[in-house]
Amino acid sequence: MKGKSILIIHLSRLGDTIQSLPAVKLLKEDNLGCSITYVGIRDFCVLIEGIPWIDRLVTIPWQEAREIMGEKKEGHTEVLDRFIKKVPELGEGYDLLINLTHDWSSSYLSGKIDAAEKRGRIFSEHNEIVVSGNWGKYLFAVARNRRDNLLNLVDLYMGMAGVRHRPVIDFLPTDPQRDLLCRSRLKELGADTGRLIIGFHLGANMAARRWPIENFAKLGKDLVDRLDARIVLFGSPGERGLAEAFGRVATFPFIDLAGRTTLAELPSFFRGIDLLVSNDTGPMHIAAAVGTKVAGIFMSVAFFGITGPYGDGHIVIQSAYPCCPCIDTTVCANPLCREGVTPETVFQGVRVGVYPDGTDAVCDAGTVLYRSSFRDDGTMRFEPIGGGGDRFPPWLASFTHAKATIGQTLWNRWLDMGDCATPVGCTDDKEQQADIIADFWNACHSYKAIYARGIHACRKILTEFSKRNPDGGSIRKLADQLSRGEEEIRDLEGPLPILKEIHELCMSEAELCNFPKLAREFLKTYETMAGTIRSFEETLREITPAPARS
Amino acid sequence: MRILVVGAVLGGTVPIGGSIYRAFQEIGIESDFLDFSVLEGEFRDLWTAQDEERSYRFHIQKKILLLERITSFLPDVILGIAQSPLGDTAILPELKKAGITLCYWFTEDYRIFEYWKTIAPWFDHFFTIQQEPFWQELKRAGCDSYHYLPMAFDPGRDCPGESIGPEIAVSFVGAPYPNRVHFLSRFPGKLEIYGEEWNRYPNPFVVVGDRRITEDEARRIYRRSRININLHSSPLPRELGKGDFVNPRTFELAGMGCFQLTDMRRLLTLHFDPAREVLALSGWEEMTEAAEYFLGHDRERAEMAEKARARVFREHTYRHRAQELVALLQEGRRGNSFIHTGMAGGMRER
């Protein structure tokens with residue numbers, strides 16, 4: 001019997017491409033006999049060529065992709081239409097289309113391609129962008145509320161693909177012959193197997209996200225002196241300058257492979273090392289994908305929640321600056337968070353990454369260390385480790401984590417993740433936890449009241465229209481009430497910013513039409529959203545209630 | 001070098017003129033101050049009278065005052081402060097012809113106050129509290145010499161009875177911009193709001209909302225407050241943590257050693273550490289949580305405020321700005337630059 005035909009559109013960069021692989025793998029496992037076509041950007045798909053669970057790989061050169069990617073609307077449809085005509089695979093029909101990309105162009109492409117079922121951000125038949133499916137909406141909503149989310153992008157992609165969450169380890173197959181060659185080359189260069197081999201990836205696509213070279217050098221010295229490690233530098237040819245700068249300050253011997261490996265060789269080299277220290281980059285995800293431990297450094301706009309390395313036992317060193325992660329438009333002129341992550345803290349992260357059974361890490365002020373592990377529900381989660389550190393500001397890291405943990409518990413039920421784990425113990429501060437729970441209750445009450453008024457107004461509008469002579473004045477008043485409710489939602493501040501985004505996405509699904517049909521559309525959305533609030537309240541009731549904040 | 005500082009008639013930029021003038025004097029620059037704020041009363045009368053004839057006379061009076069002072073003081077440099085009556089494009093070229101270097105310190109948000117478009121091309125040096133994309137806009141408008149000169153603190157300003165009055169837990173002083181109206185009405189604890197026109201909004205926390213708060217009053221409120229909320233102005237009601245420039249209040253509160261809770265700004269880290277000197281956040285929930293936390297942690301509050309005060313005295317007084325400005329003029333530098341010395345970190349790679 002012929003299996004399902006599935007098209008995945010993912011016009012994204014290297015890291016996101018790698019992070020999509022576990023979902024693709026599980027999709028193949030869960031849909032026996034299915035055929036998967038993956039559309040990606042050629043320069044970032046080099047590593048996924050020949051992957052057994054992708055049947056057809058359609059790639060667009062980066063130069064061409066840049067023309068069609070992004071949020072620019074007018075003038076691009078012709079380019080995109082031409083592109084669809086040029087690529088025969090896009091002219092075929094599919095049973096399922098999943099758009100993992102969140103830009104306008106991929107939404108347009110997804111809208112144009114014939115598929116029985118579509119997920120993700122798609123152009124509707126009315127030329128409106130809609131985000132289909134709860135997981136797609138959630139991913140879109142958390143992009144602007146990263147601190148409120150604990151799910152990794154890999155798990156979000158799995159959700160969008162509709163597969164059951166379960167750990168996927170070593171999801172980037174490599175050529176065993178090439179692995180051997182890379183190991184031999186490392187050995188030739190002096191990385192003998194008897195010693196700990198630690199890789200450094202010095203680069204990042206933005207200077208603000210790059211940990212200072214001097215810090216890498218200090219860390220290297222500590223690793224050599226205290227753990228008898230051998231340091232290997234990795235990087236692209238464009239990052240040679242960073243390697244040279246490292247060479248000028250390093251006071252210990254190291255192996256410099258920056259700019260001296262191809263992208264295709266990188267996974268095999270990473271298999272030959274014990275751990276990679278990296279900024280939040282594509283190579284960090286490559287290392288995680290081949291099962292090598294990672295100590296990822298996150299600062300500036302980088303935040304571990306979504307883009308942390310996927311797998312068990314990875315370490316994240318997250319800047320705890322109160323402004324971290326910065327909003328894209330507010331990336332500051334002098335990123336002090338780069339300085340705040342000290343070599344000693346990263347050393348501690350590497351130590352517990354390599355020797356997980358040892359003592360807990362002690363991190364400096366300004367940083368929080370997290371370790372990844374798989375949960376019973378099959379998702380991966382980063383939890384704070386260590387404890388002796390004098391964290392600063394002392395209340396903020398625990399507040400943010402506790403709020404995200406409680407919030408995630410609510411969202412997991414909405415995402416159909418099965419029974420909720422009770423987040424009690426997400427902070428040592430019981431009073432803080434009680435306050436946060438009370439805030440969630442208050443937020444639920446606010447939404448509930450607005451939705452109740454919306455449902456009431458919609459029903460009254462429909463009743464009015466069912467009369468022989470509908471009262472126009474009364475309908476206008478009720479319509480005003482609806483628009484006031486929408487304004488109230490936009491004005492709500494509180495612990496449910498993701499819900500606000502999801503509300504907008506749900507409302508955008510309502511067909512553009514006039515009353516009374518519009519009232520029916522709104523009623524449907526309000527009832528759905530009211531149901532979401534009820535499920536939040538049920539979950540909150542399961543969490544030990546605490547007295548509200550005075 | 002002889003510098004004539006031309007101040008504003010009214011508004012928040014009035015004190016800047018006096019402060020930078022005193023700073024020039026402190027560093028030994030021959031300077032004079034044309035304080036147009038003496039005309040404030042007359043200006044307000046005119047505003048209500050809406051009398052064209054009187055308005056015209058007032059305009060002429062300002063011109064005469066300016067020209068009289070120029071001819072008596074004979075400056076090499078004129079420094080106009082934002083909102084000062086130094087925008088007459090008929091006079092400006094004549095002053096340039098006379099060999100006077102024209103400078104303007106535009107201490108406002110270019111997105112809200114757009115008069116820079118008309119005046120900027122006429123000045124030899126245009127000093128701004130914002131950087132890109134403002135600089136691109138200035139370039140397009142025909143201004144090719146612009147420089148970043150942030151606000152500062154004036155330690156020499158007298159404020160009688162600064163510490164008089166009962167303690168305030170959390171306060172806010174400032175005008176009701178849309179973002180402030182939105183967020184401050186959602187403050188969960190006890191808050192005192194002071195500022196002209198707040199009485200137009202139904203906010204139970206408003207203590208004084210029907211008149212302007214004087215500089216001295218503001219300083220007294222800052223001093224009495226355990227936590228000062230410093231929410232930068234924005235025309236967008238729900239915007240928080242997305243702005244760029246650092247307002248004068250940030251420097252004022254820091255210089256006075258008063259604890260402040262502010263919204264994150266793109267340029268803030270050039271001047272302060274947003275975790276150790278002032279607390280700058282990008283979310284309202286974090287702001288309210290921080291207020292609650294710091295109300296109960298006197299020592300931490302005091303330590304942060306003291307660090308901010310020390311930083312201001314090291315880098316951010318008007319004396320520093322005067323030195324930076326004079327250094328630029330002495331070098332005869334043109335083009336665009338960061339002249340602020342306390343921002344070495346910002347010059348590094350990005």
Side-chain angles (χ1 to χ4, degrees), chain A residues 145 147-148 206-210 212-213 241-242 245 300 319-340 365-366 391-396 398-400 402-403 429 431-432 435-436 438-439 442-443 487 490-497 500 549-550, chain B residues 131-133 148 150 181-183 185-189 237-244 246 261-290 292-294 296-297 300 304 338 340 342-350:
Chain A
N145 300 288
R147 283 210 281 208
D148 292 282
M206 228 176 119
R209 291 167 65 153
R210 240 180 258 147
I213 290 294
L242 296 174
S300 180
S319 167
Y321 253 78
C323 45
C324 237
C326 27
I327 301 168
D328 286 352
T329 51
T330 321
V331 176
C332 69
N334 181 25
L336 299 172
C337 52
R338 291 172 74 212
E339 323 291 332
R391 289 173 193 164
F392 95 117
W395 53 275
L396 189 59
S398 80
F399 168 75
T400 308
K403 185 163 76 93
D429 185 342
E431 199 183 329
Q432 184 181 56
D435 280 355
I436 294 170
D439 286 346
N442 290 337
E487 192 57 33
R490 277 192 284 275
D491 275 347
L492 283 176
E493 297 293 335
L496 288 172
K500 202 195 279 194
R549 190 191 295 238
S550 58
Chain B
Q131 298 178 358
E132 296 296 2
Y148 180 56
V181 172
H182 173 80
F183 287 111
S185 66
R186 285 159 178 79
F187 191 77
R238 290 175 280 271
E239 185 176 271
L240 189 84
K242 291 182 181 170
D244 53 1
V246 181
L261 194 51
T262 188
D263 49 327
M264 186 58 191
R265 314 291 292 174
R266 205 173 69 73
L267 300 172
L268 181 76
T269 48
L270 296 176
H271 314 298
F272 295 104
D273 186 318
R276 294 184 170 94
E277 293 166 342
V278 299
L279 189 62
L281 298 163
S282 305
W284 184 243
E285 269 201 286
E286 281 81 8
M287 293 272 273
T288 56
E289 183 68 20
E292 190 177 313
Y293 175 84
F294 279 99
H297 291 77
E300 284 175 42
M304 275 181 91
F338 296 86
H340 168 56
M343 48 71 59
M347 295 297 285
R348 276 178 244 161
E349 53 158 8
R350 279 208 54 212

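Here OH of A:Tyr321 is found 9.0 Å from OG1 of B:Thr269. Values are rounded to the nearest 0.5 Å. Remark: B:Met264 CE to A:Cys324 SG distance equals 9.0 Å, nearest 0.5 Å. The CG atom of A:Asp435 lies 10.0 Å from the OG1 atom of B:Thr288; values are rounded to the nearest 0.5 Å. Rounding to the nearest 0.5 Å places SG of A:Cys323 at 12.0 Å from CG of B:Asp263. The line from CZ of B:Phe272 to CG of A:Leu336 is 12.0 Å long, rounded to the nearest 0.5 Å.
Contact between B:Ser282 and A:Ile327 at its shortest, heavy atoms only, is CB-CD1, 4.0 Å.
Considering only residues two or more places apart in sequence or on other chains, A:Glu493 meets the salt bridge (Lys or Arg N to Asp or Glu O under 4.0 Å) condition with none of them. With sequence neighbours excluded, the residues satisfying side chain to side chain contact (heavy atoms under 4.5 Å, CB included) with A:Thr400 are A:Arg147, A:Leu396.
With contacts defined as side-chain heavy-atom distances shorter than 4.5 Å, the pair B:Glu285/A:Pro495 qualifies. Side-chain contact check for A:Cys332 versus B:Leu267: every heavy-atom pair is 4.5 Å or farther apart.
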Walk me through whether B:Arg238 and A:Glu487 qualify under salt bridge (Lys or Arg N to Asp or Glu O under 4.0 Å).
CA-CA 12 Å; B:Arg238 290 175 280 271; A:Glu487 192 57 33; 3.7 Å; yes

Under the salt bridge (Lys or Arg N to Asp or Glu O under 4.0 Å) criterion, do B:Glu289 and A:Lys403 qualify, and how do the steps go?
CA-CA 11 Å; B:Glu289 183 68 20; A:Lys403 185 163 76 93; over 6 Å; no

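Dense packing is recorded around NZ of A:Lys500, with more than 12 heavy atoms of other residues, nucleotides or ligands lying under 6.0 Å away.
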